[in-house]
Structures are given as C-alpha cells and as structure tokens.
Number of protein chains: 2
Amino acid sequence: MTKTLGKTRDKTRIQRKNTATILEAALDVFSTHGFRGSTVDQIGNAAGLSKPNLLYYFSSKEAIHNALLSGLMDTWLDPLRALDAQGDPLPEILNYVCRKLKMSREFPRESRLFANEIIQGAPRIMGALDAELRPLVDEKCAVIAGWIAAGKIAPVHPYHLMFSIWSLTQHYADFDVQVHRILGQDTDPYPEAEVYLETLFTRMLTPQTI
Amino acid sequence: MTKTLGKTRDKTRIQRKNTATILEAALDVFSTHGFRGSTVDQIGNAAGLSKPNLLYYFSSKEAIHNALLSGLMDTWLDPLRALDAQGDPLPEILNYVCRKLKMSREFPRESRLFANEIIQGAPRIMGALDAELRPLVDEKCAVIAGWIAAGKIAPVHPYHLMFSIWSLTQHYADFDVQVHRILGQDTDPYPEAEVYLETLFTRMLTPQTI
DNA sequence: CCATGGTTTGACCATATGGTCAAAGAGACG
DNA sequence: CGTCTCTTTGACCATATGGTCAAACCATGG
C-alpha cells in the first residue's frame with residue numbers, strides 16, 4: 001500500500017516535520033474544497049512544499065486524504081466513548097453535548113472534512129462507519145435506553161437523540177459561514193450555543209413527575 | 001451574462017424540455033460531488049445529452065450551477081415564510097419543523113447542494129444569504145422573541161432556535177448515508193424523526209407554569 | 001573532508017476537463 | 001418541396017492536474 005518511505009526505519013526529524021506540515025495544509029484545503037475540489041499543488045502551496053516533494057512523503061493525493069480520515073474517526077468518537085453508563089444520566093448527556101460542541105469549536109476543519117465526506121456518499125469511510133461508529137453507537141444507545149427504562153430521563157428515541165446531538169453541535173462548525181452571516185461577522189456564537197443546547201436537552205430529557 | 005439563447009423569443013418546447021432535463025441531471029451530479037467535483041461530461045451523461053449540447057443551453061458549467069442555486073433559495077425559504085405571527089405559537093413552530101423535515105425527505109438533493117455550498121464557504125450564494133435569508137430570519141426571530149416576551153412559549157435564544165430547526169431537519173437529508181448506516185439500510189427514519197422532533201420542541205418550548 | 005543516504009526539484013508525461021466552432025441534421029411553415 | 005431557424009455533434013484547443021524520474025542537493029557520521 002504505502003510504497004513511499006517503506007523501509008522499516010525510524011522517521012527522520014525532517015520526515016516527521018514535513019508529514020505534519022503536509023497533513024496540516026491538507027486539512028485546510030480538503031476541508032474547504034472537498035476531495036475532488038482540492039489539488040495537490042494547492043496543498044503544496046499551503047504547506048510551502050513542491051508537488052513532487054509532497055508525493056515523496058505520500059504516495060498519492062488519496063493517500064494524504066486517507067491519512068487524515070483515519071486519524072479523524074478516532075478523535076471524533078472520543079467524546080462519545082467518554083459517555084459513562086455508571087454516571088448520572090442527564091449530566092452525562094449534557095457533558096457529551098458540551099464536549100461535542102467544544103470539538104466543533106476547536107476542530108471545525110475536521111468537522112467539515114467529515115461532513116464533506118458523508119454528504120458525498122462517504123465513499124472513503126463507509127468501512128469505518130460500519131466498523132467503528134455503528135458498534136459504539138449501538139452500545140451507547142443501549143445505555144440510554146436503559147436510563148429511559150429506569151425512568152432516569154424522559155423517554156425519547158435513543159438513536160434520534162444521538163443524531164440530534166451530532167447535528168446540533170456540528171452545525172456550528174459545518175455551517176459556520178451561514179451562522180456568522182446571520183448573527184454578524186464578529187459574534188462568537190459558541191457561548192450562546194452552549195446555553196441554548198444545555199437548555200434544550202435539559203428540558204427535553206428531564207423526567208416529568210406526574 | 002447569458003449569451004446563449006439570448007433573443008427575446010419564447011422558449012421552444014424542445015428548449016423547455018432540455019433545460020429541465022439538464023437541471024435535473026445537474027442537481028443529481030452537483031449534489032453528490034460538489035461544484036468542482038462534478039464535470040460537464042458527467043452531467044451530460046446523466047441528462048443523455050452531449051457536452052457541446054449542454055453548453056448550447058447553458059453558457060458554462062457555472063451557469064448551470066447558478067441556475068440551480070437561484071431557483072433553490074426561494075423554495076428553501078418557503079416553509080419559514082409560512083410561519084405566521086398571528087398563529088398559535090407552539091403549533092406554528094411545530095408546523096415549521098414538520099414542513100422543513102418534509103422538505104428534507106422530498107428534496108434531499110437540494111438540501112445537499114445547499115450544504116455543499118455552505119460548507120465550502122458559500123462563495124456563490126453569499127449574496128443570497130445576505131439579501132434573502134438574513135432579512136427573513138431577522139423578521140421571524142422577532143416574531144418568536146415576541147411570543148417569548150408574551151409568555152406564549154418558554155424562553156430560548158430565537159436565532160439558535162432557528163439554527164437548531166435547520167440542523168435537525170436537514171441532517172436527515174445531508175447525512176442520509178450515516179443515518180442509514182446506523183439504523184439499517186432499509187429503515188425509513190422519517191416517521192420516527194418526526195415524532196422525535198415534535199417531542200423535542202414541544203418539551204423545550206412549552207412554558208413552565210411556576 | 002568524503003561518502004552515504006535521505007531530501008528536493010525542474011522537466012516531463014498522459015489524461016481530464018471546460019469550452020469553441022464549423023458543419024451537419026431536424027422542425028416548422030409557407 | 002424549399003427555406004429558414006433551431007438543435008446537435010465530431011473534432012478540436014488550451015489548460016489543469018495527478019503522477020514520474022533522473023539529477024541535483026544537503027545533512028551527518030566516520
């Protein structure tokens with residue numbers, strides 16, 4: 001698969017630095033133009049390296065993209081992994097929402113890279129969806145279903161709850177431009193978003209004592 | 001601007017048929033590959049027309065894209081326009097959510113086209129955002145703020161309420177692949193989604209009698 | 001200071017792509 | 001049928017793009 005730099009040798013300092021620079025630049029470019037919309041030259045410029053030089057470190061444009069995506073899925077799922085079945089239901093969920101929102105704020109490019117990929121049919125990460133995302137979601141939704149059955153939170157469809165958390169939080173990264181176009185260029189939407197989302201999930205999930 | 005077919009003449013039957021066919025095919029292609037990821041040949045194939053033939057009806061690839069986008073914004077805002085300041089607050093909002101969800105279901109390609117455009121920085125519709133979207137949103141958010149002030153619905157940030165409606169409903173179109181990957185290929189998520197969203201907004205917006 | 005192996009690049013190639021054009025092909029209509 | 005306009009296309013062009021390669025370059029350890 002990886003033909004470039006294939007030897008079983010430790011990476012040079014230069015190698016480490018340049019691969020990092022390339023991935024950083026590629027994240028910028030891919031997240032704003034999508035895979036097909038990005039060119040190797042563009043990434044090269046952004047990284048301050050020549051095109052052949054890029055292809056010395058990565059065997060192809062797709063290899064760069066893959067490197068980004070495979071590193072991504074793991075990080076992306078961390079907040080969900082942290083959802084603790086032993087914890088207090090509502091705070092656990094609110095915490096998850098909060099962490100997810102924080103990820104949108106701190107890693108908007110990663111969010112957009114992911115969004116681009118999914119919208120366009122997820123051709124390159126279908127596998128990861130089945131292998132990593134789905135099992136984890138199944139597990140955590142079971143936990144939530146348990147909480148509901150125990151009357152700890154108000155009844156809702158666990159999977160759609162999950163979808164709603166994703167869409168609501170990622171919206172602020174993916175549709176960033178639109179949000180700013182409406183709220184004003186120099187408004188920081190995140191503090192208000194956090195309040196809003198906490199309110200939303202609290203009101204929706206607090207059990208109604210009859 | 002439009003140099004092709006410029007005459008002040010009525011459109012032929014053939015012209016009407018072919019422009020429609022082209023736009024239909026282009027919607028398919030653009031919505032799944034983004035602007036730069038789509039090729040005129042691809043659209044031509046999908047439409048059953050040769051590339052030069054396409055360019056007989058539209059002066060360029062971008063002209064096709066523009067035609068789609070400009071037609072889109074109007075349709076897209078219809079549900080929001082229908083939000084009636086004189087109506088019953090909660091039902092009005094639930095109705096808006098419902099109509100928006102229906103649009104996701106019936107026009108997922110339009111939703112993805114829009115999403116692609118926004119994620120990639122909205123280079124081609126920035127103008128429409130400022131000219132059409134923002135004023136309408138401002139107006140309707142004022143209405144909602146009024147309802148809140150009158151105690152008709154529980155207090156929430158009107159703009160973020162708007163964002164949440166968009167993200168929650170459009171998610172089912174834009175992230176369709178992911179949703180189906182998790183719920184199973186042949187599940188129809190929409191009925192459950194409608195129930196879920198109605199619950200969500202009802203619980204969040206029903207005023208708490210103290 | 002030289003040799004060795006990692007690093008960089010200019011020149012190059014094949015293919016893809018947006019777009020043009022002249023000429024050939026329908027359609028409508030007197 | 002003949003003519004005029006609208007439609008379609010094969011051939012073509014300039015440019016962009018992913019990728020290759022041999023040659024030059026540089027860092028470093030002996």
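Remember, predicted model here, so these are calculated numbers, not experimental data.
OP1 or OP2 of D:dT8 sits under 4.0 Å from a side-chain N or O of B:N18. Contact check, A:S50 against C:dT9: a side-chain N or O comes under 4.0 Å of OP1 or OP2. Of the side-chain N and O atoms in B:Y56, none sit less than 4.0 angstrom from OP1 or OP2 of D:dT8. For the OP1/OP2 pair of C:dG6 and a distance below 4.0 Å, the side-chain nitrogens and oxygens of A:T12 include no atom meeting the criterion. Residue B:N53 places no side-chain N or O under 4.0 Å from the OP1 or OP2 atom of D:dT7. Look at B:R16 and you won't find any side-chain N or O under 4.0 angstrom from OP1 or OP2 of D:dC6.
Applying side-chain contact (heavy atoms from CB on, under 4.5 Å) to B:S111 and the options B:W166, B:Y172, B:W76 leaves one that passes, B:W76.
Atom P of nucleotide C:dT8 and atom CG of A:L54 are separated by 11 Å, given to the nearest angstrom. As a whole-Å value, the separation of A:I64 CD1 from D:dG19 P is 9 Å. Atom CD in B:E62 sits about 8 Å away from atom P in C:dG19, given to the nearest Å. A straight line from NE2 of A:H65 to P of D:dG19 spans 13 Å, rounded to a whole angstrom. Put simply, CG on B:L49 is 16 Å from C1' on D:dG10, counting in whole angstrom units. Distance, A:F58 CZ to D:dT20 P: 15 Å, rounded to whole Å.
Summarising the geometry, atom CG belonging to B:L101 is positioned 11.0 Å from atom CE belonging to B:M103; distances are rounded to the nearest 0.5 Å. Atoms CZ and CE, on A:F114 and A:M73 in that order, are 4.5 Å from each other to the nearest 0.5 Å. Taking CG of B:N116 as the reference point, atom CZ of B:R112 lies at 9.5 Å (rounded to 0.5 Å). Distance check: A:L27 CG to A:L113 CG gives 6.0 Å after rounding to the nearest 0.5 Å.
Using a cut-off of 4.0 Å between Lys/Arg side-chain N and Asp/Glu carboxylate O, B:D176 and B:R109 are scored as not salt-bridged.
Proximity note for B:L55 (side chain, C-beta onward) versus D:dA27, C:dT20, D:dT7: the nearest is C:dT20. For A:Q15, the listed nucleotide lying nearest its side chain is C:dT7; candidates were D:dT9, D:dT7, C:dT7. Here D:dT7 is the nucleotide among C:dT7, D:dT7, C:dT9 with the atom lying nearest to any side-chain atom of B:I14. Among D:dT7, D:dG19, D:dT9, the nucleotide with an atom closest to any side-chain atom of A:K51 is D:dG19.
If you find the closest nucleotide of DNA chain D to B:P52 and to B:R13, the one lying nearer the 5' end belongs to B:R13.
Contacts between residues 28-45 of chain A and DNA chain D, defined by a heavy-atom separation below 4.0 Å, involve A:S38, A:T39, A:V40, listed by number.
Between the side chains of A:R99 and A:N95, at least one donor N or O lies within less than 3.5 Å of an accepting N or O.
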